[in-house]
Each structure stands twice: as C-alpha cells, then as structure tokens.
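For reference, the structure discussed in these notes is given below.
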Amino acid sequence: MKVSIYGNNGQASVKVATALKKGLTAAGIELDSLDPDIVITVGGDGTLLSAFHHYSDRLDRVRFVGIHTGHLGFYTDWRDYEVQELIDSLVKDNGQSVSYPLLTIKVEYADGTHPDKALALNESTIKKVSGTMVADVYIKGEFFESFRGDGLCISTPTGSTAYNKAVGGAVLSPQFNAIQMAEIASINNLVFRTLGSPLILPADEWIRVEPASSANNVLMCDQLSIEGRPIKAITYQIAQHRISFAEYRHTHFWQRVESSFIGRDNG
C-alpha cells in the first residue's frame, strides 16, 4: 500500500501530518504522493476538495480518507487525535470502500476554442460578474425555461448540503445517482417566469445552460473558477467516474446532516 498525505498549511494540520508521516513509516507503510493507493487529507472539507482535484486523473485507482482538524466535515471521518487509530486501520486494510457520484462539466466557448471538461465533487455555479444573468436552460436536449436572476447552482448529492442548500435546494442522499439544479434568486413576475423550484435529474439526463451573453460570466467548479472567457454553453451530467472513500469508519450521510445542521444533544 502506498499513501499520500495532503494537508493545508494550518498549524494544527501540519502537526497532525507530521505525526501521521512518522506513524506510517514506523508501521512499514510507504509514502508516495505521485502514485498513491490512498490519499489522506488533513484539514477539512476544503482540503479534501483540493486533494480531489489534484488526484482527479486517478479516481479509479485511489481511495480518500479525511482527518479534520476543525469542525466535523461531510468528507472527513477522523479527528486530529485519532492518528494511531487510523494507522491501525490502514495496516488492516482489505480494500473496502464507499463511493459517491460526481458531476461532469463541459464548457463550450463562443470564440471557437477547444471546450474544457471538469469534474466537481460538490457543485458548479454560473453567474454574471454584475447584473442579472439571462440564460436558456435545456434538459436532455429540450428547451425548459429562460432563466433570469443571480445564477444557477448544479450540485451532486453530497454537494447538496453545501451552496445548494443555502439557495433553497433539497438535501439529496448520495445513494441517488443524480444531480440537482437550484435557481439563485430567480426573477418571477408577470413578464418573466421560471419553475422556481429545485430540479433533480437521473444519470441518463443532462442540463445545458446557454447564457444570452457570452461575456462577463463566472463559472465555478467547486473551488476553481473560469472567468474572462466567452462562455457559449455549459453542459452538466452525472460523471462516469465516482469518488471512493476507504470505509474504515465511514459516517452515515444522514448522521453528517444531523450533526452539521441540527446538532441535537444526545447526552
């Protein structure tokens, strides 16, 4: 087994990463950041998102494990004081894993340059730099609505608890191989109408967004952004690839939701 440690520069994370390296070496586990079997992230959900994009070209060969050094995240199962317990689990690893759906994004440009493709673990948003965004929305190749408002958010099931939830989208279990589109402050009056509700699409359907103006749009893919380029259209669909987590102690999705947003005292 080869393990990569991917951490942020925070003091707590550096301390945990140092202890983790020492413990893994003592346990006879090889450290390899170029060709790992398991990627251990140290930090929070943002660190794991960054690691996901760093290793997105080897998702069929790598599993992720998250150690959080702050608040409990949706992708981080281990606490900063559980380094030895994690190492013990790695030593006993038998390849067990749990996987989640991802979002694939294809971006076409009005200047005819080659399209870009990307993957998102959480979501993608399209907005204008300023003013109202106007765009036609197509579902599975058929015209659906003309959108006017601040923007659109297309999310994965695990990403449904992030920005999607903040703009009124539904929380969707990752057992559904689906994507969701939520409108961001849509304009609805006697002249302009949109559905005004989140949409959930299965794996064999896709969303195409065609901005009325190709200029001054900002496209986000998790933490990454595309701006300053003339966007002709964006197509969203469930990706063929999935992200896999080593299932040593994988917290159930609804436990994460309860802990993060309800936080009942179970004592």
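Since this is a predicted model, take the numbers as computed values, not measurements.
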Sequence neighbours left out, what pairs pass ring-ring contact (aromatic ring centres under 6.0 Å, His included) with at least one residue falling in residues 4-52? Tyr6-His54
Taking the side chain as every heavy atom from C-beta outward, state whether Val257 and Ile262 have any atom pair closer than 4.5 Å. no
Same cluster (ILVMFWY, side-chain, under 4.5 Å), Tyr81 and Trp78: no
Student check: side-chain heavy atoms of Ile38 and Met1 closer than 4.5 Å: yes
Could you pull out the closest heavy-atom pair between Pro211 and Asn217, with the gap in Å? CB-ND2, 3.9 Å
Taking all non-hydrogen atoms of both residues into account, name the closest pair between Pro101 and Asn177 and its distance. CB-OD1, 3.6 Å
What distance separates Thr69 OG1 from Asn8 CG, expressed to the nearest 0.5 Å? 5.5 Å
Running the 4.5 Å side-chain criterion over Ile, Leu, Val, Met, Phe, Trp and Tyr, what cluster does Val14 land in, apart from itself? none
With a 4.5 Å heavy-atom cut-off, do Thr18 and Lys21 have their side chains touching? no
Under 3.5 Å, side chain of Glu183 to main-chain N/O of Gly196, donor-acceptor pair present? yes
Give a yes or no on whether Leu20 and Val65 share a hydrophobic cluster (residues Ile, Leu, Val, Met, Phe, Trp, Tyr; joining criterion: side-chain heavy atoms under 4.5 Å apart). yes
Who passes side-chain hydrogen bond (donor to acceptor under 3.5 Å, both in side chains) against Glu210, sequence neighbours left out? Arg208
To the nearest 0.5 Å, what is the distance between CD1 on Ile154 and CG on Asn164? 9.5 Å
Would you kindly confirm whether Ile184 and Met181 end up in one hydrophobic cluster when ILVMFWY residues are joined by side chain heavy atoms under 4.5 Å apart? no
Show your working on side-chain contact (heavy atoms from CB on, under 4.5 Å) between Ser50 and Tyr55 and close with a plain yes or no. CA-CA 9 Å; Ser50 180; Tyr55 290 102; over 6 Å; no
Would one find more than 12 heavy atoms of other residues, nucleotides or ligands at under 6.0 Å from atom CG of Asn189? yes
With rounding to the nearest 0.5 angstrom, report the CZ to OG1 distance, Phe74 to Thr158. 9.5 Å
Asp77-Tyr248 side chain donor-acceptor pair, cut-off 3.5 Å: no
Arg58 and Asp37 ion-paired at < 4.0 Å: no
So, using side-chain hydrogen bond (donor to acceptor under 3.5 Å, both in side chains) as the criterion, who are the partners of Ser56 when residues are at least two apart? none
Taking every non-hydrogen atom, the tightest pair across Ile87 and Ala27: CG2-CB, 3.9 Å
If we ignore hydrogens and angles and just use 3.5 Å, is the side chain of Thr125 paired with the main-chain N or O of Cys153 as donor and acceptor? no
Using a 4.5 Å cut-off on heavy atoms from C-beta on, say whether the side chain of Val209 contacts that of Phe147. no
What residues join Val218 in its hydrophobic cluster, counting side-chain heavy atom gaps under 4.5 Å, either direct or through other members? Val129, Met220
How far apart are the C-alpha atoms of Tyr100 and Phe245, what are their side-chain angles, what is the distance that settles it, and do they pass the ring pair (Phe, Tyr, Trp, His ring centres under 6.0 Å) test? CA-CA 8 Å; Tyr100 290 155; Phe245 290 87; 5.6 Å; yes
Closest contact, heavy atoms only, Ala51 versus Thr41: CB-CG2, 3.5 Å
Taking the hydrophobic residues Ile, Leu, Val, Met, Phe, Trp and Tyr, and joining any pair whose side-chain heavy atoms are under 4.5 Å apart, which ones share a cluster with Ile200? Leu172, Phe176
Looking at residues at least two apart in the chain, or sitting in another chain, which of them share a side-chain hydrogen bond (donor to acceptor under 3.5 Å, both in side chains) with Asp222? His53
Apart from Trp206 itself, what residues make up its hydrophobic cluster, given side-chain heavy atom links below 4.5 Å? none
Could you tell me if Thr104 and Gln240 have a donor-acceptor pair between their side chains, going purely by distance under 3.5 Å? no
Can you confirm whether Leu119 sits close enough to Ile105 that some side-chain heavy atom of one is under 4.5 Å from a side-chain heavy atom of the other? no
Would you mind reporting whether Ile5 and Val39 have side-chain heavy atoms less than 4.5 Å apart? no
NZ/Lys2: more than 12 non-hydrogen atoms of other groups inside 6.0 Å: yes
Using side-chain heavy atoms (C-beta onward) and a distance below 4.5 Å, is Ile139 in contact with Leu199? yes
Lys128 and Val134: CA distance, side-chain angles, deciding distance, side-chain contact (heavy atoms from CB on, under 4.5 Å) verdict: CA-CA 9 Å; Lys128 282 194 73 68; Val134 179; over 6 Å; no
Show the numbers, then the answer: is there a side chain to side chain donor-acceptor pair (under 3.5 Å) between Ser155 and Ser160? CA-CA 6 Å; Ser155 64; Ser160 70; 5.7 Å; no
Between CG on residue Leu219 and CD on residue Glu227, distance to nearest 0.5 Å: 10.0 Å
Identify the two heavy atoms, one from Pro157 and one from Ser173, that lie closest to each other, and give their separation to 0.1 Å. CB-O, 3.5 Å
Quick check for you: to the nearest 0.5 Å, what is the distance between Cys221 atom SG and Leu103 atom CG? 7.5 Å
List the residues meeting side-chain contact (heavy atoms from CB on, under 4.5 Å) with Ser99, not counting sequence neighbours, and say none if there are none. Arg242, Ser244
Contact between Val3 and Asp32 at the side-chain level, heavy atoms closer than 4.5 Å - yes or no? no
Start with the C-alpha gap between Leu152 and Met133, add the side-chain angles, then the distance that decides, and say whether side-chain contact (heavy atoms from CB on, under 4.5 Å) holds. CA-CA 9 Å; Leu152 295 166; Met133 188 186 87; 4.1 Å; yes
Membership question, hydrophobic clusters at under 4.5 Å side-chain separation (ILVMFWY): are Ile226 and Leu102 in the same one? no
Taking side-chain contact (heavy atoms from CB on, under 4.5 Å) as the definition, give me every residue that meets it alongside Ser146, ordered by chain and number, with sequence neighbours left out. Asp136, Phe143, Arg148
Membership question, hydrophobic clusters at under 4.5 Å side-chain separation (ILVMFWY): are Leu195 and Tyr138 in the same one? no
Tell me the side chain to side chain donor-acceptor pair (under 3.5 Å) pairs involving residues 110-122, sequence neighbours left out? Tyr75-Asn122, Tyr109-Asp116, Asp111-Thr113, Thr113-Arg229, Asp116-Arg229
Please report the closest heavy-atom contact between Asn188 and Ser186, naming both atoms and the distance. ND2-OG, 3.0 Å
Test of understanding: with side-chain hydrogen bond (donor to acceptor under 3.5 Å, both in side chains), list the residues that count as partners of Lys127, not counting sequence neighbours. Tyr163
Once rounded to the nearest 0.5 Å, what's the spacing between atom CD of Glu123 and atom CD of Gln180? 11.0 Å
Assess Lys165 against Phe261: is NZ or CZ under 6.0 Å from the centre of the six-membered ring, and within 45 degrees of the ring's axis? yes
In sequence, state the C-alpha distance, the side-chain angles, and the governing distance for Ile126 and Ile231, and then conclude on side-chain contact (heavy atoms from CB on, under 4.5 Å). CA-CA 10 Å; Ile126 175 71; Ile231 296 176; 4.3 Å; yes
